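Okay, so here's the structure we're looking at.
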Amino acid sequence: MRAWRIAFHEDPELSNQETHTRDRVVAALGELGIEPTTYDDGFLGVLATIVGGGSGPVVALRADMDALPVTEETGLDFRSRNPGRMHACGHDIHMSALLGAAAVLAPRRSEIRGTVRLLFQPAEEQGEEGGALPFLRRGCFDRPKVDYVVGQHVDPIVPIGSVGTRTGAAMAAADRFRIHVRGRGGHAAAPHLGPDAILVACEIVVGLQALVSRVRSPVDPVVVSVGQIHGGTRHNILPEEVVLDGTVRTFRPETRVTMEAALRRRVRSIAASLGAKVTVEYYAGYPALWNPAKATRIVAEGLRAEFGPGRVVELEEPLMGAEDFARYLERVPGTFFELGVGVPGRPAGLHSAQFAPPEAALVHGAAALLAATEALQRNPP
Ligand SMILES: [Zn+2]
Ligand SMILES: [Zn+2]
């Protein structure tokens with residue numbers, strides 16, 4: 001696992017560009033005597049199946065493959081060799097732990113209660129279509145039909161050696177919007193001659209926060225953030241157009257729909273009141289991730305047996321981040337859990353240039369996947 005992890009970590013690749021990574025996964029599976037399926041249409045996922053001796057459920061285990069546009073500052077011996085690219089979200093750990101679990105399972109196929117499906121999925125970080133949806137379209141849950149799906153993510157908030165689980169809402173739906181505000185460009189000293197796109201854009205940024213506080217229930221978490229504002233060329237010229245880019249995070253499907261409609265309405269009415277023209281583009285990203293109660297309980301029991309009762313914590317709060325693992329859970333039960341990589345004095349978070357999870361996470365990650373598989377295979381759906 002250490003060697004695999006170093007090879008993945010040194011050569012990080014962005015979403016839908018994971019060709020070397022894919023080739024490494026294929027080679028590693030080959031060494032383990034597992035026949036991988038790859039795709040010749042440009043999709044970079046790798047699928048493999050370990051058929052067990054027993055007739056228990058089919059459990060799919062998923063690892064994501066992509067890295068981020070971050071310049072690594074960890075000082076590790078095996079730091080990224082690709083400028084401006086880094087495994088800053090720990091997907092190198094996820095892949096290596098899944099290969100480690102496969103290395104344990106492959107030679108013991110005959111003893112396994114059911115079948116295990118391995119999913120190495122590209123493009124988790126991509127944010128819109130992602131990699132799970134194209135993988136599902138290519139039949140990654142078919143032949144044999146998958147009964148359960150399990151995934152994990154390294155988490156610096158959970159201490160190393162522990163695992164965090166959560167029933168119900170665990171991660172948010174993440175949608176994106178882009179707003180074009182069109183005013184009348186001209187001299188900044190004569191703003192009365194036409195709608196000022198800058199002023200309208202500012203009103204919109206402030207007005208959107210009223211949606212968060214007044215459109216949905218205060219106990220139903222919602223985030224609206226504008227992350228980019230582009231417009232203007234000089235201090236004394238009013239631009240013709242200003243573009244706003246932002247994200248909307250929700251949990252309940254009905255809130256997700258309400259927020260889109262409310263955002264469109266609010267933006268139009270603010271622009272109209274100030275005489276500006278506006279267009280709103282709204283892109284659906286990943287849905288919210290809901291961990292079903294029964295499968296999550298079964299996995300948590302398996303993890304408790306493996307890690308010790310005090311080392312499996314129920315997470316108190318959902319995360320406002322998003323994960324396309326949610327797409328798998330829309331189809332079959334299963335769970336997505338947090339693999340602890342937290343170490344005192346090493347506070348760097350996910351997507352940070354200093355993120356350096358301890359190596360012990362490899363063994364914990366593989367053990368967690370094996371424990372989850374075993375527990376689910378003892379409990380047919
Ligand atoms: Zn990430
Ligand atoms: Zn990630």
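The first residue of the sequence shown is numbered 1, and numbering continues consecutively from there. Order of appearance sets the numbers: ligands from 1, and atoms from 1 within every ligand. Here the structure is a predicted model, which means the values were calculated and not measured.
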Give the C-alpha distance, both sets of side-chain angles, the deciding distance and a yes or no for side chain to side chain donor-acceptor pair (under 3.5 Å) between R176 and T247. CA-CA 4 Å; R176 245 187 71 199; T247 181; over 6 Å; no

With a cut-off of 6.0 Å (strictly less than), are more than 12 heavy atoms of other residues, nucleotides or ligands near CD of Q354? yes

Restricting to N, O or S atoms of H153, which is nearest to the Zn ion (ligand 2)? NE2

Quick check: Y283 with F177 (ring centres under 6.0 Å apart)? no

To 10°, measure the SG(C89)-the Zn ion (ligand 2)-NE2(H91) angle for me. 110°

Any idea how H87 and H91 line up, ring-wise: parallel (<30°), tilted (30 to 60°), or perpendicular (>60°)? tilted

Here the vertex angle at the Zn ion (ligand 1) for OE1 of E125 and NE2 of H351, given to 10°, is 90°

